[in-house]
Amino acid sequence: MTTPNFQNRTLYHGDNLGFLRGMNSETVHLIATDPPFKKGRDFHATPDSLAAGARFEDRWSWDKDVHPDWVDAIKDERPAVWAVIESARAASGPDMAAFLCWLGVRIMEMHRVLRNDGSLYLHIDHTAHAYTKALLDAIFGKKQFINEIVWAYRGGGVPRTAFARKHDTILWYSKGKEVTFNLDAVRIPYSESVMDSSASRYDKSYRSNKVYSGYRPNDLGKHPEDWWTIQPLMPSDRTERTGYPTQKPLALYERIIKASSNPSDIVLDPFCGCATTPVAAERLGRQWVGMDIWDGAFDIVKQRMEDNRQLLEDIPEIYYSTAPPVRTDDGEGAAPTLKLKVRMPEPPGPKMTHAEMKAVLIGNHGIECRGCLRRFDDERYLQLDHNTPRSDGGLNHISNRLLLCGPCNLAKSNTLTLTGLRRLNKKNGWMAKE
């Protein structure tokens, strides 16, 4: 594991992507975060509240919110992520694809900064849950999925023509095979019927071989299910509520932090908003780093620490920064060419975008697939690919680029060179006729 290049109790103010990219790899034990949900509306804080003036847009547009460099990086390094984004575009439209691209480049960095025994808890709701789950599968790997936690709650505002939507989802993924889970720290009380020995199903249960199990309830409580009933903060709450539009209860994030981190571990929230994760981490003796674009984030962290004075040994000094940390590790990004067999430096000079490379290649060879040598009347039929695959040490430079039609690109995958693809096409009779 590398050494952290950031201070405990730091609030970074600004777009979290730059801060995440500045953090050393494998330095964080737990990420617990509540990003935008793609709700398609604006959120405003309660007037005259501690968070007065806080607002954010949860609307997404491909032209406004997606940087071309993100698209190029995802296409080059994370084709599975790009497939998720494209499927979302086809099923739900360009706004959903924009949201996933914006969120995806950040989750890729979160994955990088997590230690191998670290966890991500990502809070989402039904609006983009299915696509976000697929996005996490593509980045972390589907085998790293641990739990889909349902946070159930009660409250007003029910539709007349549907069941009331009264739950959010928290997706838990691990970075590696080993993961922290402190079961005893998050046990919950048994129901009265279980504790009543005369009716306890535990006392009367037996195994399939008809031998009584002799199981007794654990003195510390029962093993929690993956559905949690924790009430949200009510408008009348005078002790915890700040007025921030999407504030979550401390009890919810304290359970996450207790379960998947240990005292002195580093907890990160890249969307810390009104500081629920930092406050919960501080109360539980963890180190923490928060990031948020809201101008009042730093002041509300300080105020909430002061409000929790009775639960803290002393009020900590909180550091504030608008500049990202400076990498002191190898500086490798979240798309590190998939562990190249031989790491080759890119040639010096300005980098070309995908569109610029495509224009140059068409200028050299026309609208022609270099794999099967078929010519087309529209450049939309051609896709940019690598000659030598990235997994074998190929560069992103234009000297290692070529244009392929869809079938050739699929056949080439990330294993064949252009020579290997042409050999396959000739064998199968797929080359263009002379």
Less than 4.5 Å apart, any side-chain heavy atom of [X] and any of [Y]?
{"X": "T2", "Y": "D330", "answer": "no"}
{"X": "M305", "Y": "I318", "answer": "yes"}
{"X": "S321", "Y": "F6", "answer": "no"}
{"X": "N396", "Y": "R401", "answer": "yes"}
{"X": "L416", "Y": "P389", "answer": "no"}
{"X": "S119", "Y": "V179", "answer": "yes"}
{"X": "F140", "Y": "F145", "answer": "no"}
{"X": "W294", "Y": "I300", "answer": "yes"}

(message) Walk me through whether L384 and M357 qualify under side chain to side chain contact (heavy atoms under 4.5 Å, CB included).
(response) CA-CA 8 Å; L384 191 67; M357 286 190 277; 4.1 Å; yes
To the closest 0.5 Å, what do you measure between [atom1] ([X]) and [atom2] ([Y])?
{"X": "L136", "Y": "L120", "atom1": "CG", "atom2": "CG", "answer": "6.0 Å"}
{"X": "L20", "Y": "M108", "atom1": "CG", "atom2": "CE", "answer": "12.0 Å"}
{"X": "W151", "Y": "L252", "atom1": "CH2", "atom2": "CG", "answer": "5.5 Å"}
{"X": "I293", "Y": "C272", "atom1": "CD1", "atom2": "SG", "answer": "12.0 Å"}
{"X": "L183", "Y": "K222", "atom1": "CG", "atom2": "NZ", "answer": "11.5 Å"}
{"X": "T388", "Y": "N400", "atom1": "OG1", "atom2": "CG", "answer": "5.0 Å"}

Residues which pass salt bridge (charged side-chain N to carboxylate O under 4.0 Å, His left out) with [X], listed by chain and number, not counting sequence neighbours:
{"X": "R89", "answer": "E86"}
{"X": "K248", "answer": "D34"}
{"X": "D15", "answer": "R106"}
{"X": "D95", "answer": "K38"}

Using a distance-only test with no angle check, is there a side-chain donor-acceptor pair under 3.5 angstrom linking [X] and [Y]?
{"X": "T276", "Y": "R304", "value": "yes"}
{"X": "N5", "Y": "T328", "value": "no"}
{"X": "T127", "Y": "D125", "value": "yes"}
{"X": "H223", "Y": "N218", "value": "no"}
{"X": "N16", "Y": "D292", "value": "no"}

(request) Would you sort out whether Y12 and V289 count as a side chain to side chain contact (heavy atoms under 4.5 Å, CB included), showing the intermediate values? (result) CA-CA 8 Å; Y12 289 102; V289 174; 3.7 Å; yes
Salt bridge (charged side-chain N to carboxylate O under 4.0 Å, His left out) pairs, two or more places apart, involving [range]:
{"range": "residues 163-185", "answer": "D184-R187"}
{"range": "residues 136-149", "answer": "K133-D137"}
{"range": "residues 258-267", "answer": "none"}

Restricting to non-hydrogen atoms, name the atom on [X] and the atom on [Y] that form the minimum distance, rounded to 0.1 Å.
{"X": "P270", "Y": "I31", "answer": "CD-CG2, 3.8 Å"}
{"X": "S261", "Y": "V267", "answer": "OG-CG2, 4.3 Å"}
{"X": "L135", "Y": "I107", "answer": "CD2-CD1, 3.9 Å"}
{"X": "L103", "Y": "T132", "answer": "CD2-CG2, 4.2 Å"}
{"X": "A88", "Y": "M96", "answer": "CB-CG, 3.9 Å"}

(message) I'd like to check the ring pair (Phe, Tyr, Trp, His ring centres under 6.0 Å) partners of Y131; sequence neighbours left out, ordered by chain and number.
(response)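 Ring pair (Phe, Tyr, Trp, His ring centres under 6.0 Å) check on Y131 returns nothing, list empty.
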(request) For the pair Q7 (side chain) and Y319 (backbone), establish whether a donor and an acceptor sit closer than 3.5 Å, ignoring hydrogens and angles. (result)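 Judged by distance alone, no pair lies under 3.5 Å.
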Please list every donor-acceptor pair under 3.5 Å in which a side-chain atom of residues 403-411 meets a protein atom from a residue at least two apart or in another chain.
unit_1: N409; atom_1: ND2; unit_2: Q383; atom_2: OE1; d: 2.5

(message) Quick check on salt bridge (charged side-chain N to carboxylate O under 4.0 Å, His left out): which of R21, R78, R327 does E109 satisfy it with?
(response)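 The residue from R21, R78, R327 that satisfies salt bridge (charged side-chain N to carboxylate O under 4.0 Å, His left out) with E109 turns out to be R21.
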Which residues pass the side-chain hydrogen bond (donor to acceptor under 3.5 Å, both in side chains) test with [X], sequence neighbours left out?
{"X": "N147", "result": "none"}
{"X": "D295", "result": "H13"}
{"X": "H397", "result": "S399"}

(message) Check this for me, if you would: do R9 and E282 make a salt bridge, where the nitrogen-to-carboxylate-oxygen distance has to be below 4.0 angstrom?
(response)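 Answer for the salt bridge query: yes.
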(request) Using the six-membered ring of W228, assess whether NZ or CZ of R255 lies under 6.0 Å from its centre and within 45 degrees of the ring axis. (result)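 Geometry flag: set, cation within 6.0 Å and 45°.
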(request) Look at the aromatic rings of Y320 and F298 and report parallel, tilted or perpendicular, splitting at 30° and 60°. (result)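 Answer is tilted, since the angle falls between 30° and 60°.
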(request) Take the angle between the ring planes of Y121 and W172 and call it parallel below 30°, perpendicular above 60°, tilted in between. (result)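 If you compare the ring of Y121 with that of W172, the planes turn out parallel.
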(message) For T33 and T277: C-alpha separation, side-chain torsions, deciding distance, then whether side chain to side chain contact (heavy atoms under 4.5 Å, CB included) applies.
(response) CA-CA 8 Å; T33 194; T277 301; over 6 Å; no
